[in-house]
J.: 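I have a structure I would like to understand better, so I am pasting it below and will then ask my questions one at a time.
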Amino acid sequence: MILNFEKSNIYRQKIHQLIPGGAHTYSKGDDQFPLLSPAAISHGKGAWIWDIDGNKFLDCSMGLTSVSLGHAFEPVLERVRQELLKGVNFQRPSVIEMEMAEKFLSLVPQHDMIKFAKNGSTVTTAAVKLARAFTKRKLVAFPAEHPFYSYDDWFIGSTACNKGVPNDTNNLSVTFKACDAASLEALFEKFPGQIACVITEPEKNFCDGTCACGGEPGGFLQKAIDLAHKNGALFIIDEMITGFKTNFPGSIRKYSLEPDMTTWGKGIANGFSFCALTGKKEVMELGGINRKGEEKVFLISTTHGGETHAIAAGLATIDFFENNDVIGHSQQMGAKAISECNGIIQRQCLSDFVSLSCSSWMPAFVFRNRERQMDAGFRTLMMQEMIKNDVLFQGVLVPSFSHTNTEVNFFLDAFEASLSVYKKALEVGYEKYLIGEAAKPVFRKIL
Ligand SMILES: Cc1ncc(COP(=O)(O)O)c(C=O)c1O
């Protein structure tokens, strides 16, 4: 049982003096975890990670879904090492950029051109910019329920965390009900000729029957693409989370979709910083420099966008996916976790309080209180207990290629042990068992 967080506690105290938020994404922040948790990770291997106190945990999030094969995965490391020896950044593009462009586009026959970046926000923002330039319209539409598309103003201004974003910008973002074609249609009627693009994730782990698409995200997406085109808008699918998870390369293949643009990141380079925007030629080439006499669109322009070893990591990751059934394996592990967790929940008579989605690509858990309301306190208690049982858990299990039967069984043992504490807490309140405060929402107005 893991209870020693001595070095983590020192780290927690110091880091906020040095780094605002104590991390480089708010999702990794101290307010997202219980007090009895690791504050910093020293290293990882496969599906396992070690914190600065030397505690070893099973990893359930895999670098916020970015590490699709496993930590320090040798076939990827080998390719990166070879590339590092040649230097990582030059005055002109490096040859590996063409190799990646051709390889990635061969996976996405819907699209003709690609632009690289280091972060997902950069590519979603670039897609929005291209759509505005192409349509000469201002408004951007996305589903109100989806959590995150970018830290840039066009998206973050629409959330509770809009301090620092002018209202004029916020007014340019409009929302519809996720997976609901009627709601999107109503939005086009409300803003005729004004919406430049619709951006949406193709599917969430709750698109399993409980959401507006009734478990048929592909049907909704096709209707939504048609609606956008009928109304003169472009359609962007954000595969940041689904890419290399729901299918290879993602849900646009799974559902045979042809969006105008698609954004990629996270799992496509096994955790290395390589993201991409792919799209149709007529839209993408607006960012080019060969349209003599026409106005330039300043698309993505970054010093590190062509960093060679991250691209090499992407090529090695693609190579591994092409030669191994990573999707089949990961989803098989996800399906095993779902069916066996459901069994444990039933045996403990907790079906009214703990449930999980049936998305085998990323099973997500919901934790409820005695009143059957979703409850951050109970969720945090579950995190605390899983951590005590050597599993770093935040409410989802992201199965990677390194999660085998051994890892899933380890997860199940921890889940069963943690649920027994959860059950007792339902009687007397989570406060009796949780040390410290409940985790807070990332998108909250007041700290
Ligand atoms: C759907 C989606 N789009 C975009 C992003 C932004 O990606 P990044 O954190 O790499 O900027 C995220 C990040 O969580 C995401 O989940």
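Sequence positions, counted from 1, serve as the residue numbers for this chain. Heavy atoms only: backbone and side chains are in, while hydrogens, waters and symmetry mates are out. Read the numbers this way: they start at 1 and go in the same order the structure lists the ligands and their atoms.
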J.: Around ligand 1, what residues show up once you keep those with a heavy atom under 4.0 Å from it?
T.: Asn119, Gly120, Ser121, Phe148, Tyr149, Glu201, Asp238, Met240, Ile241, Lys266
J.: Going by an N to O cut-off under 4.0 Å, is there a salt bridge joining Lys103 and Asp319?
T.: no
J.: Are Glu239 and Lys266 close enough for a salt bridge, meaning some N to O gap below 4.0 Å?
T.: no
J.: Is Glu216 salt-bridged to Lys223, going by a charged N under 4.0 Å from an acidic O?
T.: no
J.: Please verify the inter-ring angle class for Phe248 with Phe244; under 30° counts as parallel, over 60° as perpendicular, anything in between as tilted.
T.: perpendicular
J.: To the nearest 0.5 Å, tell me how far Glu185 CD sits from Asp180 CG.
T.: 10.0 Å
J.: For Trp361, is the NZ or CZ atom of Lys245 found under 6.0 angstrom from the centre of its six-membered ring and inside 45 degrees of the ring axis?
T.: no
